[in-house]
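In what follows, every chain begins at residue 1, and chains take the letters A, B, ... in the order their sequences are listed. Note that this is a predicted model, so its numbers are computed, not measured.
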2 protein chains.
Amino acid sequence: MSDSWIERFPELAALPPEDRAFLTERAAKVALPAGTTVFAPGVAAESFLLILAGSVRVQQVSPGGREIVLYRVTGGETCIMTTSCLLADENYAADGVTETDVEAVAIPKASFEEAIVRSPGFRRLVFTDYSRRISDLMHVVEEVAFERLDKRLAQRLLARAGDSPVVRVTHHDLATDLGSAREVVGRLLKELERRGWVALSRGSIELRDLDKLKALAEGS
Amino acid sequence: MSDSWIERFPELAALPPEDRAFLTERAAKVALPAGTTVFAPGVAAESFLLILAGSVRVQQVSPGGREIVLYRVTGGETCIMTTSCLLADENYAADGVTETDVEAVAIPKASFEEAIVRSPGFRRLVFTDYSRRISDLMHVVEEVAFERLDKRLAQRLLARAGDSPVVRVTHHDLATDLGSAREVVGRLLKELERRGWVALSRGSIELRDLDKLKALAEGS
DNA sequence: GGTGGTCTGTGACTTAGTCACGTTCCCGTG
DNA sequence: CACGGGAACGTGACTAAGTCACAGACCACC
């Protein structure tokens with residue numbers, strides 16, 4: 001298989017040629033359409049997944065139907081949940097869904113284990129990704145437990161706005177991002193609109209006063 | 001050094017003799033009195049830690065002074081926060097404090113990396129522990145985001161009660177366990193007392209109706 | 001027998017979540 | 001074009017949880 005994908009992973013691109021070859025020979029490219037369930041509680045994974053492009057949302061769903069996004073896996077990152085299932089036969093209470101069309105590379109379990117043994121650089125990539133996810137999770141705990149919702153909402157709005165000031169997102173999606181309820185998010189947004197900081201319309205939100213929003217997002 | 005400690009870790013005890021010897025030769029036993037800070041934001045670790053006895057509490061502290069316990073590391077487990085620092089040079093926003101006197105075994109960074117390479121069983125132990133902590137963290141997120149506080153409080157009371165029905169703990173400590181505020185915990189406890197399910201006194205709580213508490217802890 | 005520190009209690013208030021609706025908008029089908 | 005259904009959003013009334021500013025109460029130790 002072509003080894004061009006490996007350039008998406010600086011740690012792997014810097015590997016000695018024989019390790020690069022080992023990986024590229026055993027990797028298979030896969031394409032996942034938006035909305036695919038990559039993993040779910042009770043389903044064992046059989047490959048190590050490296051995401052080339054697109055985004056996988058890892059979330060928890062409560063018995064009562066509420067959801068919270070734990071983190072997102074995007075291009076250049078690996079999917080810890082499948083890794084863990086490979087290494088520890090662990091089953092998690094979270095599921096992963098592609099938010100966009102996703103291009104990924106899959107390495108079978110046996111080759112993955114061998115790569116861990118033979119390549120310090122590969123090992124480092126895997127451990128680094130574990131650490132990043134643990135950081136992500138700790139950050140979620142911190143936010144959910146301690147931060148005000150209006151502040152978190154402002155953070156999310158700013159994060160979702162790329163260069164464009166218009167964010168295409170529903171109240172429900174924002175609530176899922178924040179682990180809150182749609183009505184609550186709607187009310188907070190309405191208050192922001194009343195202040196003139198955003199303009200609301202069905203399915204999208206225009207950020208009108210970035211400075212004020214940033215102040216809210218960063219304020220203590 | 002004596003290799004008796006290795007029996008505390010079934011995965012390691014089952015290792016081939018040469019791997020066991022490798023670990024026991026390089027491990028150093030350490031004793032940490034209660035209240036010792038094992039790691040903290042901004043401090044790099046230099047050894048892999050295996051806990052033999054006692055308990056290390058890993059927690060986050062908010063700017064506003066509120067705290068939440070993320071998980072506890074107890075006998076027979078390893079400390080992935082230090083592991084992560086070893087492997088990924090990551091710095092976390094959490095700190096670890098010994099809750100009791102702790103006996104542990106430390107393996108220097110270089111020996112740790114070598115053990116990862118040479119011993120599949122050791123590798124498995126490390127990855128399994130990563131997975132366990134990720135599970136723990138996801139569980140915390142789920143509880144904080146979705147579960148009622150009275151239910152979580154009942155769970156904690158039951159968890160803290162060993163065989164004895166009298167739990168020695170302050171309202172503040174329970175609040176820290178739950179990531180909540182002392183006053184809130186106090187009010188909920190008072191309500192439980194009014195129902196006759198617990199009896200409160202300074203510094204301790206007597207569980208009077210385990211069935212009712214269990215029903216609360218398990219109820220939807 | 002004070003005295004400082006820890007632990008707990010309380011009321012008034014704000015913020016967040018829940019529940020049960022109702023309304024509006026969009027888009028495809030008859 | 002009407003209209004019907006689903007998705008998105010709005011609202012009010014209520015409960016749960018967190019915050020703030022205190023005030024006691026208990027304990028240990030001079």
Side-chain angles (χ1 to χ4, degrees), chain A residues 35 60-68 140-157 160 166-195 198-206 216 219-220, chain B residues 35 60-68 141-157 166-195 198-206 216 219-220:
Chain A
Q60 263 182 331
V61 182
S62 83
R66 260 173 66 197
E67 304 170 36
I68 185 168
V140 171
V141 171
E142 187 171 16
E143 291 230 311
V144 170
F146 300 138
E147 297 294 355
R148 291 179 52 102
L149 198 57
D150 53 358
K151 176 179 173 181
R152 295 204 289 138
L153 176 58
Q155 289 170 351
R156 288 268 89 237
L157 287 174
R160 288 188 95 121
V166 176
V167 185
R168 290 208 40 82
V169 66
T170 68
H171 298 183
H172 173 266
D173 285 350
L174 282 169
T176 296
D177 267 20
L178 299 168
S180 178
R182 178 191 58 81
E183 305 92 308
V184 177
V185 169
R187 278 195 269 265
L188 291 176
L189 284 171
K190 179 133 288 204
E191 169 63 16
L192 294 182
E193 184 177 48
R194 196 192 60 72
R195 293 187 202 164
V198 302
L200 304 177
S201 52
R202 187 186 174 86
S204 74
I205 299 168
E206 181 190 352
L216 176 55
S220 74
Chain B
Q60 262 181 332
V61 182
S62 83
R66 261 173 66 199
E67 303 170 37
I68 185 168
V141 172
E142 186 171 18
E143 292 228 312
V144 171
F146 300 137
E147 297 293 356
R148 289 179 53 102
L149 198 57
D150 53 358
K151 178 179 173 181
R152 296 205 288 138
L153 176 58
Q155 288 170 352
R156 288 269 86 239
L157 286 174
V166 176
V167 185
R168 290 207 41 81
V169 66
T170 67
H171 299 185
H172 173 266
D173 285 350
L174 282 169
T176 295
D177 268 19
L178 299 167
S180 178
R182 178 191 58 79
E183 304 93 308
V184 177
V185 169
R187 278 194 270 264
L188 290 176
L189 284 171
K190 180 134 287 201
E191 169 63 17
L192 294 182
E193 184 177 48
R194 196 193 58 73
R195 295 186 201 164
V198 303
L200 304 177
S201 51
R202 185 187 176 86
S204 74
I205 299 168
E206 182 189 353
L216 175 56
S220 72

Please evaluate the base of [N] for a donor-acceptor partner in the side chain of [X] within a cut-off of under 3.5 Å?
X: A:Arg148; N: D:dG18; value: no
X: B:Glu183; N: D:dC20; value: yes
X: A:Arg202; N: C:dT23; value: no

Between atom [atom1] in [X] and atom [atom2] in [N], what is the gap in whole Å?
X: A:His172; N: C:dC25; atom1: NE2; atom2: P; result: 21 Å
X: B:Ile68; N: D:dG18; atom1: CD1; atom2: P; result: 10 Å
X: B:Leu200; N: D:dC26; atom1: CG; atom2: C1'; result: 15 Å
X: A:Leu188; N: C:dG17; atom1: CG; atom2: P; result: 9 Å
X: A:Leu174; N: D:dC9; atom1: CG; atom2: C1'; result: 13 Å
X: B:Leu192; N: D:dA16; atom1: CG; atom2: C1'; result: 15 Å
X: B:Asp173; N: C:dC7; atom1: CG; atom2: P; result: 7 Å
X: B:Arg66; N: D:dA17; atom1: CZ; atom2: C1'; result: 9 Å

Does [N] have OP1 or OP2 under 4.0 Å away from a side-chain N or O of [X]?
X: A:Arg182; N: D:dG10; result: no
X: B:Lys190; N: C:dT10; result: yes
X: A:Ser180; N: C:dG17; result: yes
X: A:His171; N: D:dG10; result: yes

Select one nucleotide: of [options], the one nearest the side-chain heavy atoms of [X].
X: A:Leu149; options: D:dA8, D:dT19, C:dA16; answer: C:dA16
X: B:Arg187; options: C:dT8, D:dG12, C:dG11; answer: C:dG11
X: B:Val184; options: D:dC22, C:dC26, D:dG18; answer: D:dG18

Side-chain donor/acceptor of B:Arg152 to backbone N/O of B:Leu178, under 3.5 Å =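 It does hold such a pair.
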Main-chain N/O of A:Thr170 paired to A:Arg182 side chain as donor or acceptor, under 3.5 Å =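 Answer holds: no.
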Taking all heavy atoms of A:Lys151 and all of A:Leu216, pick out the closest pair and write down the distance.
->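 Reported closest heavy-atom pair: CG-O, 3.3 Å.
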If you look at every strand shown and take non-hydrogen atoms under 4.0 Å, does A:Gly203 touch a base, only sugar-phosphate, or nothing?
->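 Sugar-phosphate, no base atom in range.
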Which residue, B:Leu200, B:Ile205, B:Leu188, forms the side chain to side chain contact (heavy atoms under 4.5 Å, CB included) with B:Glu193?
->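 Looking at B:Leu200, B:Ile205, B:Leu188, the match for B:Glu193 under the side chain to side chain contact (heavy atoms under 4.5 Å, CB included) is B:Leu200.
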Got a salt bridge between A:Arg195 and A:Glu191, using NZ or NE/NH1/NH2 to carboxylate O under 4.0 Å?
->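 Result for this pair is yes, salt bridge flagged.
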